[in-house]
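Quantities reported herein were computed from a predicted structural model and do not represent experimental measurements. In the text below, chain A, chain B and the rest are named by the order of the sequence lines, each starting its count at 1.
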Amino acid sequence: MSRGIIAASTYKARLPVPALAPFYYLKNFERVLSTIASRYEDLLLAHELRFITAFQQAPLNSRALLARMVMRQGDLFRASKIEYSEIGETRAAADPLIEAGWVSDRPLLDIKQLQGLLTKAELVRCLKLPRRYADWRKADLQAMLAATFTERRDFRDWCADPGDLVYALLVTPVCERFRLLFFGNDWQSWTDFVTADLKIFNFEKIAQHAHSRPFQTRAQIDQFQRLRECRELLLDGTPYSELVRMVPEAIGDSDWLEEERQKLIFGIAREHERAGDTQAALAMYLRCTHRGARTRAIVLKSRARDWEGTRALCLKARANPASEEELQRVRRILPRVCLKLGLPATSEDPAPVIPEFELVLDGRPRARAVEYLVRDHLALELVDGDTVRYVENGLVNALFGLLCWPAVFAPVAGAFFHDFHRAPADLASGHFYNRRKNDFEVCFSHLETDHYRKVIWTVFKKKWGIQSPFVRWHSLDRALLQWALDCFPAAHLRAWFEWIVRDVRENRAGFPDLVQFWPAERRYRLIEVKGPGDRIQDNQKRLLEYCLAHRMPVSVCYVRWSQDRPESRSADGKQSRRIPAEN
DNA sequence: AGGGGGTCTG
DNA sequence: TTCACACAATCTG
DNA sequence: GATTGTGTGTCTCAGACCCCCTGA
Ligand SMILES: [Mn+2]
Ligand SMILES: [Mn+2]
């Protein structure tokens with residue numbers, strides 16, 4: 001084989017790989033540092049300030065290397081994998097950031113760290129192992145090597161490769177804290193800069209003056225980190241007595257931190273419950289303000305056969321329900337409890353009857369999601385099969401997100417911290433709607449005239465592709481939107497939207513699987529598909545009942561496979577409630 | 001050699 | 001920091 | 001029937017790369 005052929009066969013045609021500008025990471029890290037320095041001027045500790053100052057005074061290449069390491073995953077990097085354009089071509093003989101101990105260019109690596117840096121083939125070559133080890137599975141190789149090599153060595157002492165070295169990032173604690181100060185959470189990372197700059201994700205632009213800082217005091221920062229530790233301990237199955245002592249005291253000066261704290265307490269109570277320690281769980285639930293805590297307390301009390309206590313809690317919950325779910329569960333539990341106590345069951349309106357019909361389909365079960373089969377079956381008889389769509393929550397959420405775009409991204413204090421928000425920070429907080437009531441009123445008022453169609457189309461075109469918690473762009477197209485605007489009455493839109501803002505977290509999900517449009521008649525219906533063995537979920541039931549109360553055309557389609565025997569479901573009185581599949 | 005799963009990349 | 005589904009196990013009346 | 005918990009498939013940004021498996 002000639003060299004040319006080898007070269008041609010090993011050459012990988014590189015599709016347009018996005019390239020980052022020279023010193024890309026440095027520029028962004030400097031932006032971050034100056035943001036943090038000015039925003040947290042009053043809160044930074046001496047060693048954090050010292051780091052910032054030392055960084056800013058270091059020479060270009062030195063800064064670029066550190067910035068590159070901070071903003072990428074991991075804390076060990078092979079020099080040969082870092083492009084010159086990222087950090088510059090030459091390195092100073094004496095690097096002040098290395099001398100200060102922020103970075104090391106000769107870290108001692110154990111065999112496992114070395115293995116993380118090299119492929120299996122490279123590892124075998126570097127360690128001068130017999131060629132046959134390259135055929136071992138990597139896990140076996142790792143076990144064998146761990147037993148053979150127990151010492152830590154500099155990379156250049158492990159490998160005879162003179163051209164390469166390894167850098168280690170040693171300031172991880174400070175950088176992790178800066179990440180927290182910048183993003184206000186611990187799930188976002190510096191890679192958001194990259195994905196945003198490459199236009200992989202587009203974020204709504206929030207005016208700088210509307211940005212706030214997530215932490216107002218040093219104590220809040222410490223409390224957040226404490227909560228994070230507790231969450232990790234909880235996952236590790238730490239003894240609860242120890243864990244409970246770790247939980248911070250009530251946080252009076254930050255709503256969202258206190259909510260995080262309550263969420264942690266709820267999680268700990270949940271673990272108590274699972275471990276069978278009902279007493280402790282109940283006590284924690286009763287003191288916990290996290291959504292759902294009171295519901296759990298009701299369940300535990302009724303399980304303990306404390307009927308009086310259960311009833312008292314139920315009545316309290318019914319008078320002031322924390323959520324639709326709580327109300328639903330109280331409605332189910334309270335009659336049973338009253339029965340136990342010999343009290344007359346409080347009269348409730350009977351649950352509305354959800355229209356349903358049955359569809360008998362051929363074909364193998366499980367071949368494809370049953371929703372698609374029903375969609376295609378319904379589409380068969382239509383001129384335009386596209387008018388039946390499998391949308392689930394996507395469509396109504398998108399309409400809501402488009403009409404209410406200005407409210408969702410309203411510059412509320414404490415909602416936006418940086419340029420990478422998919423949603424305001426308090427979206428799921430329970431205060432979300434109240435803090436934007438006026439903005440939502442403006443948006444909803446468009447529904448009183450035909451104006452809302454224009455508003456939705458305008459936002460659709462103007463904001464296309466921008467991340468939103470309610471709009472998933474790839475599941476939207478113009479035809480779908482057009483039919484939705486033609487066929488959904490404004491009153492129905494308003495009812496759905498009010499349902500969503502009532503409890504964003506809980507009520508944005510549960511919409512039926514399919515939507516069918518009759519554009520000529522400006523008519524629609526929603527269909528929840530249920531395969532055999534699938535029953536209506538609680539949140540679907542709540543939404544369907546709400547829709548029925550607003551006289552919307554919703555129904556449930558029960559699917560039966562043609563080779564199966566008819567279910568008893570169709571044998572009893574329910575048959576009469578069926579509505580035909582057509583119309 | 002080729003496919004699938006997982007991870008990293010920009 | 002998904003959501004919905006399929007299925008199993010358990011308890012209750 | 002109610003309830004809870006489990007696993008799974010779907011979504012993730014697409015493509016390159018690594019590792020492992022299968023089967024000629
Ligand atoms: Mn569904
Ligand atoms: Mn369904």
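- Mapping A:Glu260 and A:Val370 onto DNA chain C by nearest heavy atom places A:Glu260 closer to the 5' end of the strand.
- Straight-line distance from the CG atom of A:Leu123 to the C1' atom of D:dC18: 13 Å, rounded to whole Å.
- Across all strands shown, A:Arg270 has heavy atoms under 4.0 Å from sugar-phosphate atoms exclusively, and none from any base.
- No salt bridge links A:Glu324 with A:Arg542; every basic N to acidic carboxylate O contact stays at or beyond 4.0 Å.
- In this structure, A:Phe420 and A:Phe183 have tilted ring planes: the angle between them lies in the 30° to 60° band.
- Here A:Glu528 lies in heavy-atom contact (under 4.0 Å) with sugar-phosphate atoms only.
- Base pairing of D:dA24 is not made with any nucleotide, judged by Watson-Crick or G-U wobble geometry with both donor-acceptor distances under 3.5 Å.
- Using a 4.0 Å cut-off on heavy atoms, the residues of residues 325-341 of chain A that approach DNA chain D are A:Arg329, A:Arg332, listed by number.
- Ring geometry for A:Phe266 against A:Tyr285 counts as tilted: the plane angle lies between 30° and 60°, on a 0 to 90° scale.
- Salt bridge status for A:Arg270 with A:Glu273: present, with a side-chain N to carboxylate O gap under 4.0 Å.
- Atom C1' of nucleotide D:dC18 and atom CD of A:Gln115 are separated by 12 Å, given to the nearest angstrom.
- Side-chain N/O atoms of A:Lys530 include one lying less than 4.0 angstrom from OP1 or OP2 on C:dC5.
- Nucleic acid contact class of A:Asn393 (heavy atoms, under 4.0 Å, all strands): sugar-phosphate only.
- In this model, the phosphate group of C:dC3 is not approached by any side-chain N or O of A:Gln540 to a distance below 4.0 Å at OP1 or OP2.
- Of the candidates B:dT9, C:dC5, D:dC19, D:dC19 carries the atom nearest the A:Thr119 side chain, counting heavy atoms from C-beta on.
- Heavy atoms of A:Asn539 sit under 4.0 angstrom from primed sugar atoms or phosphate atoms, though from no base atom.
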In a table with atom names and distances, give each donor-acceptor pair under 3.5 Å that connects a side chain of residues 426-433 of chain A to protein atoms at least two apart or in another chain.
residue, atom, partner, partner atom, Å
A:Asp426, OD1, A:Arg436, NH2, 2.8
A:Asp426, OD2, A:Arg435, NH1, 2.9
A:Asp426, OD2, A:Arg436, NH1, 3.1
A:Asp426, OD2, A:Arg436, NH2, 3.4
A:Ser429, OG, A:Asp426, O, 2.9
A:Ser429, OG, A:His431, N, 3.1
A:His431, NE2, A:Glu259, OE2, 3.4

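- Between A:Lys27 and A:Glu30 there is no salt bridge, since no side-chain N of the basic residue sits under 4.0 Å from a carboxylate O of the acidic one.
- Residue A:Arg505 is out of contact with every strand shown, counting any heavy-atom pair closer than 4.0 Å.
- Residue-level contact check: A:Lys263 touches neither bases nor backbone, having no heavy atom under 4.0 Å from any strand.
- In summary, A:Asp503 and A:Arg508 do not engage in a salt bridge, as defined by a charged side-chain N under 4.0 Å from a carboxylate O.
- The closest side-chain heavy-atom distance from A:Phe470 to A:Leu399 is not below 4.5 Å.
- Atom pair A:Gln537:CD and D:dG5:C1' shows a separation of 14 Å (rounding to whole Å applied).
- Remark: A:Arg535 is not in phosphate contact with D:dT3, judged by side-chain N or O atoms under 4.0 Å from OP1 or OP2.
- Using a 4.0 Å heavy-atom distance criterion, A:Asp197 is classed as making no nucleic acid contact.
- When the side-chain nitrogen and oxygen atoms of A:Arg274 are compared with OP1 and OP2 of D:dG5, one or more of them lie within a distance under 4.0 Å.
- When the C1' atom is used for both B:dT7 and D:dT6, the distance is 26 Å, rounded to whole Å.
- With sequence neighbours left out, the ring pair (Phe, Tyr, Trp, His ring centres under 6.0 Å) criterion links A:Tyr546 to A:Trp499, A:His550.
- Spacing between D:dT4 and B:dG10 at atom C1', rounded to whole Å, works out to 43 Å.
- Remark: A:Arg78 pairs with A:Glu122, A:Asp164 by the salt bridge (charged side-chain N to carboxylate O under 4.0 Å, His left out) rule, at least two apart or across chains.
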What protein N or O atoms touch nucleotides 20-24 of chain D N or O atoms at under 3.5 angstrom, if any, and at what distances?
residue, atom, partner, partner atom, Å
D:dC20, OP1, A:Lys138, N, 2.4
D:dC20, OP2, A:Lys120, NZ, 3.1
D:dC20, OP2, A:Lys138, N, 3.2
D:dC21, OP1, A:Arg137, NH1, 3.2

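- The aromatic rings of A:Trp256 and A:Phe417 sit tilted, their planes meeting at an angle between 30° and 60°.
- Salt bridge A:Glu271/A:Arg274: present, at least one basic N to carboxylate O contact under 4.0 Å.
- For A:Gln73 and B:dT9, the shortest distance from a side-chain N or O to OP1 or OP2 is not below 4.0 Å.
- The residue A:Gln188 sits apart from the nucleic acid: no heavy atom pair falls under 4.0 Å.
- A distance of about 14 Å separates the P atoms of B:dG6 and D:dT10, rounded to the whole Å.
- Atom pair A:Arg508:CZ and C:dT2:C1' shows a separation of 9 Å (rounding to whole Å applied).
- Distances from the side chain of A:Arg305 to the nucleotides B:dG10, C:dT12, D:dT4 place C:dT12 closest.
- Regarding A:Lys541, its NZ atom lies at a distance of 11 Å from the P atom of D:dT3, rounded to whole Å.
- Ring to ring, A:Phe155 and A:Trp158 are not that close: their centroids are 6.0 angstrom or more apart.
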Canonical and wobble pairing (Watson-Crick, G-U, under 3.5 Å) of DNA chain C, dot-bracket with |: ..|||||||||..
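- Of the P atoms belonging to D:dT12 and B:dG2, the separation is 30 Å, rounded to the nearest Å.
- Taking the six-membered ring where tryptophan is involved, the planes of A:His272 and A:Tyr240 are tilted, since the angle between them lies from 30° to 60°.
- A:Phe77 places its CZ atom 14 Å from the C1' atom of B:dG10, with the value rounded to the nearest Å.
- Checked for salt-bridge contact, A:Glu232 and A:Arg228 miss the test: no charged N lies under 4.0 Å from a carboxylate O.
- Rounded to whole angstrom, the span from the CG atom of A:Asp513 across to the P atom of C:dA6 amounts to 10 Å.
- Looking at which nucleotide of DNA chain D each of A:Arg296 and A:Tyr372 is closest to, the 5′-most match is held by A:Arg296.
- Rounding to whole angstrom units, OH of residue A:Tyr390 and C1' of D:dG9 are separated by 10 Å.
- Of the candidate nucleotides C:dC3, D:dC13, D:dT4, C:dC3 has the atom lying nearest to any side-chain atom of A:Ala509.
- Neither OP1 nor OP2 of B:dT9 sits under 4.0 Å from any side-chain N or O of A:Arg68.
- Distances shown here put a side-chain N or O of A:His474 below 4.0 Å from the OP1 or OP2 atom of D:dT12.
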